[in-house]
Amino acid sequence: MKHSCSCKTKALAPATVLSNEKLGPRIFRITLQLKGLGAKAFAAFKPGQFAQFEVRDLALPAKYAIPADLKDKSRKNNILRRPFSFYNVEVVEDSVILRALYLVLGAGTLRLSTTTAGDEISLVGPLGNGFSVPKNKKLALILAGGMGAPPLQHLGTFLAEKHPEIRVAAFAGARSKADLPFNLVKTHAETELSFCLEEFARHNIESHVATDDGSVGYKGFVTDLLQHWLTKNSIDPAQTIIYTCGPDPMLASVARLAASLNVDCQVSTERVMGCGFGVCQSCAIECYKPGTQEKIYKLCCTDGPVFDSREVAWK
Amino acid sequence: MKHSCSCKTKALAPATVLSNEKLGPRIFRITLQLKGLGAKAFAAFKPGQFAQFEVRDLALPAKYAIPADLKDKSRKNNILRRPFSFYNVEVVEDSVILRALYLVLGAGTLRLSTTTAGDEISLVGPLGNGFSVPKNKKLALILAGGMGAPPLQHLGTFLAEKHPEIRVAAFAGARSKADLPFNLVKTHAETELSFCLEEFARHNIESHVATDDGSVGYKGFVTDLLQHWLTKNSIDPAQTIIYTCGPDPMLASVARLAASLNVDCQVSTERVMGCGFGVCQSCAIECYKPGTQEKIYKLCCTDGPVFDSREVAWK
Amino acid sequence: MKNSVDISVNFAGRQLQNPVLTASGTCGYVDELSDFMDVNCLGGFITKSITLKPRLGNPTPRIVETDSGMLNAIGLANIGLERFLSEKLPLIEKLSIPVYVNVAGQTLDEYLAVTEALCKCKALAGIELNISCPNVKAGGITFGKDPAQIESITAQVKKLCASKTLIVKLTPTVTEISDSARAAINGGADALSLVNTFTAMVIDIERRKPVLANRTGGLSGPAIKPMAVYLVNKVYNDVAKQAKIPILGLGGIQTGSDAIEFILAGATAVSIGTATFSEPNCCINVIEGIKNYCLRHKLSGVEQLIGSVE
Amino acid sequence: MKNSVDISVNFAGRQLQNPVLTASGTCGYVDELSDFMDVNCLGGFITKSITLKPRLGNPTPRIVETDSGMLNAIGLANIGLERFLSEKLPLIEKLSIPVYVNVAGQTLDEYLAVTEALCKCKALAGIELNISCPNVKAGGITFGKDPAQIESITAQVKKLCASKTLIVKLTPTVTEISDSARAAINGGADALSLVNTFTAMVIDIERRKPVLANRTGGLSGPAIKPMAVYLVNKVYNDVAKQAKIPILGLGGIQTGSDAIEFILAGATAVSIGTATFSEPNCCINVIEGIKNYCLRHKLSGVEQLIGSVE
Ligand SMILES: Cc1cc2nc3c(=O)[nH]c(=O)nc-3n(C[C@H](O)[C@H](O)[C@H](O)COP(=O)(O)OP(=O)(O)OC[C@H]3O[C@@H](n4cnc5c(N)ncnc54)[C@H](O)[C@@H]3O)c2cc1C
Ligand SMILES: Cc1cc2nc3c(=O)[nH]c(=O)nc-3n(C[C@H](O)[C@H](O)[C@H](O)COP(=O)(O)OP(=O)(O)OC[C@H]3O[C@@H](n4cnc5c(N)ncnc54)[C@H](O)[C@@H]3O)c2cc1C
Ligand SMILES: Cc1cc2nc3c(=O)[nH]c(=O)nc-3n(C[C@H](O)[C@H](O)[C@H](O)COP(=O)(O)O)c2cc1C
Ligand SMILES: Cc1cc2nc3c(=O)[nH]c(=O)nc-3n(C[C@H](O)[C@H](O)[C@H](O)COP(=O)(O)O)c2cc1C
Ligand code: FES
Ligand code: FES
């Protein structure tokens with residue numbers, strides 16, 4: 001809850017859309033470019049941080065192109081920004097290139113989905129704390145659930161580049177193959193886990209896939225997949241850390257698993273956000289007062305979105 | 001005020017943008033295509049009728065591209081449609097092509113200005129009564145003021161094609177050359193009126209230009225230009241009709257001139273419109289009860305937008 | 001999945017084929033929207049306000065768009081009782097759906113005179129008493145802000161239309177809407193309609209004058225929906241549920257989802273106002289949307305939804 | 001054209017360098033927005049509501065977006081008086097602009113205790129009395145709906161802060177806001193702030209539950225602006241002008257034009273709330289917008305505009 005830093009680390013800046021592609025029925029990938037002050041601020045963007053996108057002035061898709069279940073939702077005139085993570089942030093000369101994946105869920109993301117190269121979107125960021133890498137870790141286990149993937153992909157790249165001393169293994173779960181926001185690559189291993197993720201493989205990070213319906217990879221939850229992996233790999237709890245992002249129930253079960261393994265665990269959470277920078281108090285997240293069982297609220301946007309899994313009072 | 005016709009003459013239909021070009025600093029030309037039911041209804045579109053455009057779901061221009069004086073206005077989330085006339089309506093096979101000119105004045109027209117080929121815009125129309133051609137007319141004098149031009153251009157084409165018995169002369173006025181929504185063509189006549197309008201010339205309609213600042217054509221009001229023309233051309237009042245569209249003060253002065261000449265005159269009016277089809281009562285226009293000096297309100301959208309100039313109680 | 005469902009509702013003793021009606025002042029007298037929809041497909045029709053004498057209404061501008069809403073100060077422009085009876089009633093007689101005439105006035109006597117005349121018309125299902133119009137100098141909302149006056153005018157009107165449904169339309173701009181509702185019910189209202197518009201103002205900063213010739217107007221449209229839903233839910237819980245008096249909910253409804261929101265909050269039926277201006281067939285789309293919701297949720301009808309928000 | 005203009009205003013005896021302040025609960029305690037703007041450029045700062053003890057606030061979800069607006073039911077989450085004094089006051093002391101602390105409470109005693117403590121702080125210009133929060137079970141709005149209670153609480157608070165500016169923040173959800181205003185003025189208010197949020201509700205139709213954990217919330221943002229402008233104008237004309245009590249106008253302001261609209265309606269200064277969430281430097285843009293308007297209209301300042309709508 002400390003807000004005493006007076007140096008300007010955040011920017012309100014226009015970004016130019018370089019591309020916005022439809023990857024699946026409701027999944028899009030957007031690439032943005034920042035220059036000037038925006039580039040300056042976002043150059044320091046850390047994995048797990050996020051930005052607030054202005055969507056209010058963007059067009060909706062044509063009526064016939066709006067999925068039936070979103071038609072009524074699409075009638076809302078938005079005023080608030082929408083928070084998104086990035087799976088890749090790259091400094092290219094004097095500009096910063098941001099890459100995000102997003103799921104179309106309502107009016108805001110429908111609006112975002114109509115932008116095309118050359119359009120301008122106003123961003124506020126970088127926001128939030130981001131993941132941190134505690135000293136003396138030798139193994140990082142990354143668990144991504146559904147659209148929790150982007151910040152963890154960013155983290156994977158970051159660890160591969162900046163922390164070669166850390167071995168990384170990634171586990172991605174989704175409802176089914178179509179919901180997996182990664183490129184699947186067939187591996188040579190002839191097991192039920194014979195797919196890995198191109199995004200991690202690229203950095204020589206081993207990766208594994210689980211789907212609820214078994215349409216690809218392990219059939220079951222990503223936590224079960226991790227436990228399966230643990231039967232074959234021995235870890236030193238003190239030198240291991242789990243990073244995870246996904247729906248709350250998954251985070252809670254990863255937190256329980258981490259606690260049972262006595263392994264550090266950082267969870268990246270999501271809450272409905274009015275501002276993203278600590279002034280509206282909308283994104284409260286129930287936590288324990290350090291060292292007690294007393295419940296307090298922290299702010300997902302400024303205290304988080306990344307928390308130590310022991311801090312959060314899971315439902 | 002009769003609404004007893006139960007045949008469906010109006011449609012609520014999506015139109016496809018074929019093109020949307022910037023002609024001047026704030027003037028755009030948009031071309032739309034209707035198919036199916038929309039085409040069916042608009043095939044009967046008469047000069048002077050209009051359509052209601054849905055603008056709420058369209059994008060605003062990027063912030064830097066919004067003129068300073070419209071920045072604050074652009075923050076409004078629209079819900080109402082916006083009324084526009086067409087300068088050309090063409091049936092092409094099973095589709096109808098509509099061509100409009102519009103001035104960017106606020107949030108709605110800013111939104112319209114961002115549409116590009118392939119976009120969809122919802123239209124309601126044809127609305128209003130349109131101009132009519134009384135029997136036994138031999139001369140039609142068309143007076144266009146500023147953005148009142150489009151319906152009169154449409155009328156000019158209509159008269160040339162459907163009423164060869166009527167001689168037409170067109171007079172267009174604007175604040176200055178840049179505000180004139182027509183293509184100027186140099187004529188051979190070496191007078192101060194040495195420009196005519198390509199849109200009318202194309203149909204062998206003589207045309208004349210006036211600007212308040214004299215930047216092109218006659219320096220002064222378009223009514224003065226007409227009076228100037230009348231000094232050189234003799235007319236038979238009973239066989240003459242004036243058609244006009246433009247700002248209210250201009251319409252009032254044309255109405256006075258017509259009355260003094262004892263010539264029939266149809267004025268196309270504009271009012272802020274909530275619906276466009278007679279249910280909201282927002283577009284009231286003060287008129288005289290036929291044959292009396294008693295004032296009543298008529299509706300611009302259904303009783304008009306075209307009125308006999310004697311009906312309207314000018315301010 | 002089944003593809004049809006019965007969404008009829010019992011509204012003050014009358015079965016409506018669906019819970020969607022027009023809102024007064026936004027859909028004309030009867031057939032103005034027939035180019036865009038078949039009026040006989042509606043749950044019911046509520047006419048523009050009728051006064052004893054024709055009213056020209058206020059000078060223009062009479063409306064101004066606001067963020068996700070609009071102000072109107074039409075000033076009850078209408079053709080008056082006499083022309084309504086001679087010109088509109090014959091058209092109403094041809095309709096198969098219940099029609100409620102919205103009644104307004106400047107004095108109690110005017111309300112009573114209009115009610116008396118209308119209640120003689122067999123073709124009418126009832127009247128909607130407008131004691132909540134913010135845009136006229138006398139009458140209208142002045143009756144609707146004080147519970148004692150609400151009760152008294154309702155009782156006197158009800159005496160004259162005992163055989164017809166009396167809907168009382170309340171203004172939302174009071175400290176305690178449940179007091180207004182209770183007063184109307186005590187006076188004999190068969191149903192409540194809420195809400196009318198919220199008084200508001202837009203200033204033209206260049207001319208330094210109010211945009212509307214009437215200075216102020218009533219705010220309607222999506223902007224007011226969350227307030228209207230709250231007020232419907234409050235009146236339902238505080239008063240209407242126990243008194244078994246149905247609520248006609250309105251304020252910013254654009255979609256089937258919006259209508260369901262009002263029904264969950266406690267409305268038995270809903271009215272579509274401002275949305276008709278941009279989408280003249282909105283009522284029909286809302287009816288379809290309600291049906292789809294029921295099918296998707298495997299409901300046998302909408303009545304079980306009324307007031308069922310937890 | 002000149003390119004600078006003095007837009008300072010006299011607000012309850014204190015000269016503000018410009019008429020733009022933050023709105024309580026939307027801009028933090030003091031420096032949270034300093035990444036986006038220089039707080040010392042504002043006309044003044046109004047803090048988040050402070051209560052005697054820290055408050056966790058309501059369970060989540062606490063906000064939901066609506067058409068051109070949002071509901072909040074934060075429930076006055078705040079760090080409490082003690083931490084405010086120890087952690088925030090030192091930062092406030094470094095500011096060069098007047099800071100007003102918004103005070104809330106569940107009981108009269110709580111209001112008085114917080115006021116008493118704050119009024120000892122030299123660095124504070126005054127307090128804004130929040131008797132209009134719709135999102136807490138006890139206190140808040142319950143004091144603010146009844147003129148007698150408004151007058152009484154204002155008088156008791158004023159006794160404790162005689163040397164400071166007392167702004168009383170009114171709720172718009174009353175039948176007659178001028179009665180509230182009169183009561184506050186009779187109680188000794190030095191300024192009025194209007195409006196707080198409008199009570200409202202959004203229902204999640206899939207879960208058939210209110211979206212907000214608190215069921216209802218307060219509507220803010222552009223959706224409410226025309227109602228807020230009306231209420232400011234009404235209070236100005238009915239009460240404030242004659243009593244020479246300045247109004248702090250707020251509700252949906254996003255632009256310089258919006259601020260001018262409130263000033264023309266009768267506000268001496270304005271606050272920016274919800275707009276800060278999407279545009280964290282909104283206050284600065286509004287200040288620029290006001291300056292540009294004055295330059296364009298060749299005005300020597302803004303004070304001549306106050307209440308000057310025809
Ligand atoms: C820190 C952070 C990072 C995020 N990163 C990404 C990302 O990289 N990619 C991505 O696709 N999405 C991400 N999200 C979620 C994204 O912000 C929401 O999907 C988006 O705001 C929905 O906007 P909408 O207007 O389309 O839908 P709305 O109409 O606002 O909501 C549609 C549905 O989504 C739910 N929803 C809305 N906001 C959130 C939220 N913040 N968290 C969870 N559910 C929500 C609503 O309850 C509703 O059911 C992130 C959220 C946070 C807080
Ligand atoms: C029957 C009819 C036909 C029209 N045809 C055309 C046309 O062919 N081309 C064209 O450019 N415009 C035409 N207009 C005007 C056009 O509808 C408005 O310019 C448009 O609605 C402005 O929308 P906006 O949201 O951009 O501006 P707003 O923010 O709504 O308004 C901006 C400014 O324009 C003024 N204004 C708004 N609506 C009208 C109106 N209906 N009449 C006059 N002034 C208005 C406002 O008072 C304000 O000062 C027509 C209007 C009518 C009634
Ligand atoms: C242009 C207009 C005219 C209206 N006229 C009337 C009227 O004559 N009588 C009445 O009771 N309500 C009238 N209303 C109020 C509506 O019936 C309705 O209560 C209100 O607009 C809220 O619903 P909405 O948001 O769906 O429009 C009018 C509303 C508008 C916008
Ligand atoms: C998230 C949020 C929190 C608020 N908290 C407070 C508060 O603590 N005290 C208070 O007096 N008003 C509070 N308000 C009300 C605002 O100060 C303001 O009166 C209202 O939002 C209308 O202004 P706006 O439309 O500019 O936001 C809050 C508003 C919002 C949106
Ligand atoms: S989103 Fe506003 S405080 Fe976190
Ligand atoms: S615009 Fe609605 S009646 Fe004319």
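- Checking Phe131(B), Phe86(B), Phe50(B), Phe158(B) one by one against Phe45(B), the ring pair (Phe, Tyr, Trp, His ring centres under 6.0 Å) holds for a single residue, Phe86(B).
- Of the listed residues (Gly221(C), Cys27(C), Gly28(C), Ser68(C)), the greatest number of heavy-atom pairs within a distance under 4.5 Å of chain B belongs to Ser68(C).
- Legend: salt bridge (Lys or Arg N to Asp or Glu O under 4.0 Å) pairs involving residues 101-113 of chain B, not counting sequence neighbours: none detected.
- For Phe277(B) and Phe36(C), the ring centers sit closer than 6.0 Å to each other.
- Residue with the most contacts toward chain B among Ala77(C), Gly69(C), Ala275(C): Gly69(C) (heavy-atom pairs, distance under 4.5 Å).
- With a 4.5 Å cut-off on non-hydrogen atoms, Pro222(C) touches chain B through its side chain but not through its backbone.
- Residue Glu82(C) qualifies as open at atom CD: its count of foreign heavy atoms under 6.0 Å is 12 or below.
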* To do: Begin with the C-alpha distance, continue with both residues' side-chain angles, and end with the deciding distance and a verdict on side chain to side chain contact (heavy atoms under 4.5 Å, CB included) for Val232(C) and Val229(C).
  => CA-CA 5 Å; Val232(C) 166; Val229(C) 168; 5.9 Å; no
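- Taking the centre and axis of the six-membered ring of Tyr29(C), the NZ or CZ atom of Arg83(C) falls outside the cone set by 45° and 6.0 Å.
- Contact annotation for Thr26(C): only backbone heavy atoms (N, CA, C, O) come within less than 4.5 Å of a heavy atom of chain B.
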* Just do the salt bridge (Lys or Arg N to Asp or Glu O under 4.0 Å) check on Lys298(B) and Asp303(B) with the steps written out, would you? => CA-CA 6 Å; Lys298(B) 292 205 166 187; Asp303(B) 300 320; 5.9 Å; no
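- With chain B as the partner, the residue from Lys48(C), Gln254(C), Glu279(C) showing the most heavy-atom pairs under 4.5 Å is Gln254(C).
- Heavy atoms closer than 4.5 Å to chain C are found nowhere in Ala107(B), neither backbone nor side chain.
- Listed options Lys76(B), Glu286(B), Arg81(B) were ranked by heavy-atom pairs under 4.5 angstrom with chain C; first place goes to Lys76(B).
- Here Thr66(C) is the residue among Thr66(C), Asn281(C), Val30(C) with the most heavy-atom pairs under 4.5 Å with chain B.
- Looking at Thr274(C), the atoms closer than 4.5 Å to chain B (heavy atoms on both sides) all sit in the side chain, from C-beta outward.
- Only the backbone of Arg75(B) comes within contact range of chain C, with heavy atoms under 4.5 Å apart.
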